[in-house]
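One structure below.
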Amino acid sequence: MKQIISASLLMACALSFTNCQESAYDDKYNDPNKVTAVLMDKLMAGVFYKEKVVAIQNYDRYWSLDTQWLGKYAQSVGFYIDPRQYFNGYSVDNFYSSLYSAAANLKKMEEMYNEMSDAEKPQYEAYCLAAKVHVYRHLISVMDVYGDVPWHDACLVALHGDYSYSNASFEDDQELYKMVIEDLKAAGLRFGSEDFIIPRGFTATQDFINNADMSKWQKYANGLCLRAAMRVSTNGPLAEYGQSVVKEILENPSTYPLVENYEDNIAIKNLRADPVNDEGGGGMWQSDLCKIASGAIIRNMLSNYDKSTYSGTYQEGIDDPRLPLLYNKATPTGKLAGLTPDREIPSVYRGTDPEMDMAQESSYSVNTVGFSFARENGFFFYNQNWDHQQFSSSETWFIRAEARQRGWVSGDAKEAFKEGIKQSIRFFFKYQKNKSRADISVGDDGSDRRGYVDNPEEPTDAWIDEFAEARWETRIDGSTYDNANPRLDAIITQKWLSFNMMS
């Protein structure tokens, strides 16, 4: 009997010991299959990851969105003439749907934040604000394209299980623009306030956009606020409001700091690993349709552009030095290099032009050597060292130039215009010097069009100043600007050239 009792006690002690050990283990090491807590830092990173579709110049952008749809209207990319040229035959659903995928995470974050006590909120404010700023960048773009969109009632089915939200109503884009402007202005002020807390979990690992630098988040929010305010400032019910916001931001630089230098651009660095591992222009390699040059861009960058052949040659020291960093050269008539006795060596820049007739286009399209294409292994396309741009210094300066020219803000419009050109050119050459691959060599038969490139020297500040001064007065071919306000025409033209295929 004593032996039975002893054995029972021993077993009880053993079970007790085991249970204590397992309990202690569970307290320290949670089973990932049983974890139910939603963490703000993970949700923020999830928002950033969902935004990859539009925030990164990758496959989704250059196999469909930019090259097969929006770029055609902006003439930032080239396209062959076709009766259905403006009909998009490629899926662009991600541009729209990914906004709401990211917004679902954002709204979950905001719901959690609103349920916190006042004592807790300061520790988590940074996560919500950063996520909102980045999603608003996308929302601005979607409204620019579609106008009215759902917002406040969107994504709530998953959060609340209430199917009455399944048909979220479309909202007036003017009301949404005002919401965006006010929220971004408030976010910029919070990022720069003295009592703003940077949580310990807000690290460069989670924040792969600005590497936990709150001063960059402040500039990002202010820049996007400025962008949205400019969108509504020239027409519609928010025109006066937009102008007042532009004035407030630009005339109070200490309160609303902005991206002023290309080295300070807001950009997502290629990390060569998840969550960001995308070289510039991913998707362009799919087809010539994805990388053909824009004739409109070439026409505005060459002084000797010939409208009869839709081409011109690059003259260093005269023409826009950004052009040869964007495109390779084409053959004068479209004949295939390497054929004898009609061998042609590429020597001109030519892009497709909506005014070109189909017969002429067809003659240049033989073997595709009659048109220029996005330069492979250059500053952008196939550059693994490319940082995916979110907001640039050149945009700041061109917005400032426009606001000054329109009389909304005091200051010299021409000086801001010239600085915008300088920032853009310096930005191009930064990535040309930091490209990941050397240019592909030209074969003996001259058949490899990717090798036909001009490699200009980076211009001096004095040359850029002279070049920009000339562009303020005339187009590069010496013709006058044909807009009712020629100075605004000059500013918008250079802003468009600065964005080019990367818009």
Side-chain angles (χ1 to χ4, degrees), residues 47 50-51 53-55 70 73 92-111 113-114 125 128-160 162-191 217-218 220-250 252 255-256 258 390-391 395 399 402-403 406 408-409:
V47 168
K50 292 288 187 183
E51 284 292 322
V53 172
V54 293
L70 298 181
Y73 294 100
V92 294
D93 294 347
N94 277 349
F95 173 62
Y96 189 86
S97 62
S98 61
L99 168 65
Y100 296 101
S101 295
N105 275 20
L106 171 62
K107 292 190 175 189
K108 179 61 180 178
M109 294 178 73
E110 292 178 327
E111 184 180 81
Y113 180 79
N114 290 333
E125 183 182 17
C128 286
L129 287 181
K132 178 179 283 188
V133 167
H134 197 50
V135 170
Y136 275 6
R137 175 193 182 276
H138 192 170
L139 177 57
I140 292 169
S141 299
V142 170
M143 289 193 296
D144 286 346
V145 174
Y146 292 104
D148 298 351
V149 294
W151 184 252
H152 286 95
D153 289 344
C155 311
L156 297 185
V157 173
L159 287 180
H160 304 306
D162 184 347
Y163 285 93
S164 67
Y165 293 110
S166 60
N167 290 313
S169 59
F170 282 71
E171 298 174 61
D172 184 348
D173 65 337
Q174 295 296 298
E175 304 241 341
L176 291 178
Y177 272 118
K178 189 170 184 180
M179 174 200 75
V180 164
I181 291 167
E182 291 178 348
D183 285 357
L184 287 172
K185 187 162 70 166
L189 292 172
R190 285 301 299 147
F191 281 124
W217 276 109
Q218 183 183 19
Y220 190 16
N222 292 337
L224 291 177
C225 183
L226 191 60
R227 178 187 291 176
M230 286 298 292
R231 292 283 197 272
V232 300
S233 63
T234 56
N235 58 69
L238 293 180
E240 289 187 12
Y241 170 75
Q243 293 168 26
S244 68
V245 172
V246 170
K247 179 179 176 66
E248 181 180 2
I249 291 175
L250 291 180
N252 295 280
T255 304
Y256 302 103
L258 296 163
Q390 310 302 300
F391 199 93
E395 182 176 0
I399 288 176
E402 182 179 350
R406 291 185 183 277
W408 303 340
V409 178

Closest non-hydrogen atom pair between [X] and [Y], with its separation:
{"X": "Ala229", "Y": "Val246", "value": "CB-CG2, 3.8 Å"}
{"X": "Leu106", "Y": "Ala131", "value": "CD1-CB, 3.9 Å"}
{"X": "Cys225", "Y": "Ile181", "value": "SG-O, 3.4 Å"}
{"X": "Asp153", "Y": "Ser169", "value": "OD2-OG, 4.2 Å"}
{"X": "Gly223", "Y": "Phe391", "value": "O-CE1, 3.2 Å"}

Rounded distance [0.5 Å steps], [atom1] in [X] versus [atom2] in [Y]:
{"X": "Ser101", "Y": "Asn94", "atom1": "OG", "atom2": "CG", "answer": "8.0 Å"}
{"X": "Ile249", "Y": "Ile399", "atom1": "CD1", "atom2": "CD1", "answer": "9.0 Å"}
{"X": "Leu224", "Y": "His134", "atom1": "CG", "atom2": "NE2", "answer": "9.5 Å"}
{"X": "Glu395", "Y": "Leu258", "atom1": "CD", "atom2": "CG", "answer": "10.0 Å"}
{"X": "Trp151", "Y": "Asp148", "atom1": "CH2", "atom2": "CG", "answer": "15.0 Å"}

Taking C-beta and beyond as the side chain, do [X] and [Y] meet within less than 4.5 Å on heavy atoms?
{"X": "Asn222", "Y": "Leu226", "value": "no"}
{"X": "Val135", "Y": "Lys50", "value": "no"}
{"X": "Leu238", "Y": "Arg231", "value": "no"}
{"X": "Ser233", "Y": "Gln243", "value": "yes"}
{"X": "His152", "Y": "Leu176", "value": "yes"}
{"X": "Gln218", "Y": "Arg190", "value": "no"}
{"X": "Val149", "Y": "Leu139", "value": "yes"}
{"X": "Leu99", "Y": "Val54", "value": "no"}

* To do: Examine the side chains of Asp172 and Tyr177 and answer whether a donor and an acceptor come within less than 3.5 Å of each other.
  => no
* Asked: Thinking salt bridges, do Glu111 and Lys107 make one under a 4.0 Å N-O criterion?
  -> no
* Asked: Salt bridge check: are Lys185 and Glu248 linked by an N-O gap of less than 4.0 Å?
  -> yes
* Donor-acceptor pair, Tyr100 side chain versus Pro150 backbone, under 3.5 Å? -> yes
* Between the main-chain N or O of Tyr220 and the side-chain N or O of Gln390, is there a donor-acceptor pair closer than 3.5 Å? -> no
* Asked: For the residue pair His138 and Phe95, does the interplanar ring angle fall in the parallel (under 30°), tilted (30 to 60°) or perpendicular (over 60°) class?
  -> tilted
* Asked: Taking the inter-plane angle between the rings of Phe191 and Trp217 on a 0 to 90° scale, is it parallel (under 30°), tilted (30 to 60°) or perpendicular (over 60°)?
  -> parallel
* Asked: What residue among Glu182, Glu110, Glu125 forms salt bridge (Lys or Arg N to Asp or Glu O under 4.0 Å) with Lys132?
  -> Glu110
